[in-house]
Amino acid sequence: MIIDPSNYEGFNRVLTGVIVPRPIAFVSSVSSEGIVNLAPFSFFNAMAYDPATIVMGISRSAGWKEKDTLSNIEATGEFVVNVVVDDISEAMNRTAAEFPADVDEFEIAGLTAKPSKKVRAPRVAESPVNMECKLSQVVEIGDGTNHAIVIGEILLMHVRDDIISGHRINHQRLQPVGRLAGNMYCSTHEVYEMVRPQYDGEEG
């Protein structure tokens, strides 16, 4: 089957079904008026480590309202990415609805807002990893009315002591959650190792 994204109805479901699993950015932000927002985004990944850079794809609107996260990031230039793990996956899902801007999703999810060190947006205390970020750039996609790519620099990372040793993360203890298509998610309990080969420069 050959699919043309420009005329294939429901292409979004195909796209999110084949690019899997996707990490989830559980983003906490705050408006210029001080209203806190918390929402998950699975168009998310790390792009560089010097400077430490992450990217997220965010829709500009949810149909009846603007996306609070994008509006807040553009207004304040700050946000926090919290890693979603098994223990808070259901709480994360409760924040995925499009609530009015004045609703506190921390309360909806039953999660704890913890002050950050370098940005105004709070961290999710129950998440084992929080990345305090500043906005580097917003890249408009297409005509700029539907979607944007948020590029952010990590200013500070909080990592729970029991999941890190030196520069190694213990994924059995981290237990991150991945996003599939539709209502499907996955865990990373089963992992395997492949050692990256190195070219030694010799021929023959």
Side-chain angles (χ1 to χ4, degrees), residues 15-16 19-32 34-60 66-85 88 92 95 105-106 111 113-142 144 146-171 173-179 188 191 194-196 198-199:
L15 181 65
T16 56
I19 300 180
V20 291
R22 298 185 304 281
I24 304 167
F26 200 17
V27 181
S28 44
S29 62
V30 62
S31 71
S32 53
I35 300 173
V36 172
N37 182 264
L38 182 63
F41 299 92
S42 65
F43 284 180
F44 159 69
N45 220 311
M47 288 293 110
Y49 51 81
D50 186 18
T53 302
I54 57 94
V55 297
M56 301 183 296
I58 304 180
S59 299
R60 282 226 164 261
E66 290 185 347
K67 283 280 189 179
D68 298 321
T69 300
L70 185 53
S71 297
N72 292 349
I73 291 173
E74 289 182 315
T76 66
E78 299 177 342
F79 59 99
V80 178
V81 174
N82 307 277
V83 170
V84 176
V85 296
I88 63 170
M92 173 276 298
T95 71
E105 287 87 357
F106 275 91
L111 295 171
K114 189 173 184 178
S116 295
K117 301 290 186 182
K118 293 193 172 184
V119 301
R120 289 181 59 201
R123 298 179 283 138
V124 174
E126 290 81 1
S127 172
V129 180
N130 321 106
M131 292 170 272
E132 299 185 26
C133 302
K134 71 172 183 178
L135 175 64
S136 298
Q137 186 179 358
V138 174
V139 179
E140 303 293 353
I141 301 176
N146 294 323
H147 305 280
I149 296 174
V150 173
I151 304 174
E153 180 181 345
I154 301 171
L155 301 177
L156 203 65
M157 181 182 289
H158 305 258
V159 183
R160 200 175 66 203
D161 290 345
D162 66 307
I163 65 171
I164 188 169
S165 177
H167 61 279
R168 296 292 184 185
I169 296 294
N170 185 322
H171 290 93
R173 292 181 178 176
L174 178 62
Q175 298 185 336
V177 172
R179 183 81 160 90
T188 54
V191 299
M194 289 194 294
V195 178
R196 180 185 297 183
Q198 293 185 351
Y199 175 60

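Just so it is clear, the structure is predicted and the values come from calculations on it, not from any experiment.
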Minimal heavy-atom distance between Ser28 and Pro122, with the atoms involved, is OG-O, 2.5 Å
Leu174 and side chain to side chain contact (heavy atoms under 4.5 Å, CB included): which partner among Thr188, Val129, Val159, Ile164?
Val129
Find the distance between CG (Asp68) and CD1 (Ile58) and round it off to the nearest 0.5 Å.
11.0 Å
Asn72 side chain to Ser31 side chain, donor-acceptor N/O pair below 3.5 angstrom:
no
Can you tell me which residue among Val81, Val83, Val85, Leu38 is in a side chain to side chain contact (heavy atoms under 4.5 Å, CB included) with Phe26?
Leu38
Say you draw a straight line from CZ of Arg123 to CG of Leu111; how long is it, rounded to the nearest 0.5 Å?
13.5 Å
Within-4.5 Å side-chain heavy-atom neighbours: Arg22 and Phe43:
yes
Any Ile141 side-chain heavy atom under 4.5 Å of Asn146 side chain
no
Across all chains, not counting sequence neighbours, the salt bridge (Lys or Arg N to Asp or Glu O under 4.0 Å) partners of Glu126 are none
Any residue meeting salt bridge (Lys or Arg N to Asp or Glu O under 4.0 Å) with Asp162, in chain and number order, not counting sequence neighbours
Arg160
Quick check: do Val150 and Leu70 have side-chain heavy atoms less than 4.5 Å from each other?
yes
Any Phe79 side-chain heavy atom under 4.5 Å of Met56 side chain
yes
Do Glu78 and Lys118 sit within salt-bridge range, that is, some charged N less than 4.0 Å from a carboxylate O?
no
For the student: nearest non-hydrogen atoms of Thr95 and Pro40, plus distance
OG1-CD, 3.3 Å
Within the structure provided, determine whether Thr16 and Val20 are in side-chain contact (heavy-atom separation under 4.5 Å).
no
Side chain to side chain contact (heavy atoms under 4.5 Å, CB included) between Val27 and Val80, intermediate numbers included
CA-CA 6 Å; Val27 181; Val80 178; over 6 Å; no
Is there a donor-acceptor contact under 3.5 Å linking the side chains of Glu66 and Ser71?
yes
How far does OG1 of Thr53 sit from CD1 of Ile154, to the nearest 0.5 angstrom?
7.5 Å
Would Val124 and Phe106 count as a side chain to side chain contact (heavy atoms under 4.5 Å, CB included) if you check the C-alpha gap in whole Å, the side-chain angles of each, and the deciding distance to 0.1 Å?
CA-CA 8 Å; Val124 174; Phe106 275 91; 3.8 Å; yes
Using a distance-only test with no angle check, is there a side-chain donor-acceptor pair under 3.5 angstrom linking Ser127 and Asn82?
no
Value for CG (Asn37) from NZ (Lys67), rounded to nearest 0.5 Å, stands at 9.5 Å
Non-hydrogen side-chain atoms of Val138 and Glu74 separated by less than 4.5 Å:
yes
Using the side chain to side chain contact (heavy atoms under 4.5 Å, CB included) rule, take Met92 and Ile24 through it: C-alpha gap first, then chi angles, then the decisive distance, then the call.
CA-CA 10 Å; Met92 173 276 298; Ile24 304 167; 4.1 Å; yes
Sequence-distant partners of His147, side-chain hydrogen bond (donor to acceptor under 3.5 Å, both in side chains), two or more places apart:
Ser59
Pairwise distance OG(Ser116) to CG(Asn130) - rounded to 0.5 angstrom
7.0 Å
Between Pro21 and Gly178, which heavy-atom pair has the shortest distance, and what is it?
CB-CA, 4.2 Å
Working note: His158 + Met131, criterion side chain to side chain contact (heavy atoms under 4.5 Å, CB included); need CA distance, chi angles, decisive distance, verdict.
CA-CA 6 Å; His158 305 258; Met131 292 170 272; over 6 Å; no
Give, for atom CG of Leu155 and atom CD of Glu132, the distance between the pair rounded to the nearest 0.5 Å.
7.0 Å
Would you say Val84 and Pro176 make side-chain contact, with heavy atoms under 4.5 Å?
no
Shortest non-hydrogen contact between Thr69 and Ala39, atoms and distance
OG1-CB, 3.7 Å
Side-chain heavy-atom pair Val139, Ile151 within 4.5 angstrom cut-off
yes
